Amino acid sequence: MKLLRLALALSAIAASAAHAQTKWDLPAAYAASNFHTENLVQFAADVDRATGGKLKITVHANASLFKAPEIKRAVQGGQAQLGEILLVNFANEDPIYEADGVPFLATGYADAMKLYRAQKPLLEKKLAAQGMMLLYSVPWPPQGIFTNRTLNSAADMKGLKWRAYSPATAKIAELVGAQPVTIQAAELTQAMATGVIDSYMSSGATGVDTKTYEHIKRWYDTQAWLPKNAVIVNRKAFDALDKATQEGLLKAGAEAETRGWKVSQEKNGVYIDLLRKNGMTVVEPPAQLKADLKKVGDTMLGDWLKKSGPDGQALVDAYRKM
Ligand code: PCA
């Protein structure tokens, strides 16, 4: 009788150990239907499978847990074990976060991947110094200009009420004489509806997510840069996982990165078609506008190289050699 009770108790302990679960929260800043968010949900399902249900990740979309600019600090402080950030949002902490926000430095997917390879070791070093690790990173589609105005040159951008999502997009406004207001994607639809802004620069993806076509009728396809989201993990939370779970997480992260780059590129055309279908005109930028914006990019690259010093120069040199 005693033995039976002991056996039962032991098997209960074994069962609970086998089912020992770790639960992680993953705050994200973009709509549930956005391709980055869908990729996160797939990643979480892959982690679940790869770890035999040991690590359960809940994705909190659309800035519902933390606002976009707060996610990085939440992961650093351990309030969230991992999170998705827009790297360029953190340019004021370190210019390395902004390498993929410099206009016209890398304008297509192949160049964006080269830039990422040059930027990655520096990102990893910086995040490690802050007690975090880079799990994976995926670009937004190329950035263009949403506006109701006809733009022949940058002079036509004067006085626009310009939504910025980062220090660099605010700087563009400053250089062309527009008025920047920093607004994150989750609040963008409301900012258009209330007339706080009448223009901004972003991808077709964000144009669709925010139903920009209900307020703005043109998108200039400038293909100016491809900013990246990154999924970052709190190092202590990672170290607390057993080896097999760590490996499952890293593997699912690597797969999410490969998948994300592919989907971003594939869906770019789909998003642009959706802009058209919903009444927008997609405009090839006229030569003068292109030349003026290129100048803005050159100024910003010069400033960025000054700010980022030898690390930044090494990054750009490495990128250009690839
Ligand atoms: N969408 C995000 C960042 C870049 C992009 O394409 C946004 O507009 O907030």
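All ligand and atom numbering here is 1-based and tracks the order in the structure. What you are looking at is a predicted structure, and each value in this text was computed from that prediction instead of being measured.
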task = Establish, yes or no, whether a centroid distance under 6.0 Å links the rings of Tyr136 and Phe43.
result =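 Yes; Phe43 has its ring centre under 6.0 Å from that of Tyr136.
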Under 4.0 Å from any heavy atom of [X], which atoms of ligand 1 are there?
X	answer
Gln143	4 (C), 5 (C), 6 (O)
Ala185	9 (O)
Ser202	1 (N), 2 (C), 4 (C), 5 (C), 6 (O), 7 (C), 8 (O)

Quick test: of every protein heavy atom, which one is nearest to atom 6 (O) of ligand 1, and how far off is it to 0.1 Å?
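Nearest neighbour among protein heavy atoms for atom 6 (O) of ligand 1, to 0.1 Å: Ser203 OG, 2.6 Å.
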Identity and separation of the nearest protein heavy atom to atom 1 (N) of ligand 1:
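Atom 1 (N) of ligand 1 sits closest to the protein heavy atom Thr206 OG1, 2.6 Å.
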Test: [X] and [Y] ion pair at under 4.0 Å:
X	Y	answer
Lys171	Glu174	yes
Lys321	Asp317	no
Arg73	Glu93	no
Asp298	Lys295	no
Lys251	Glu255	yes

**Asked** Side chain or backbone of Arg163 under 4.0 Å from ligand 1, or both, or neither, by non-hydrogen atoms?
**Response**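 Arg163 to ligand 1: side-chain contact only, backbone stays beyond 4.0 Å.
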Contact check, Gln184 vs ligand 1, heavy-atom distance below 4.0 Å: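 No, Gln184 has no heavy atom closer than 4.0 Å to ligand 1.
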Checklist entry - Is it true that Pro227 lies under 4.0 Å from ligand 1, counting heavy atoms only? => result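 In this structure, Pro227 qualifies as a contact of ligand 1 - some heavy atom is under 4.0 Å.
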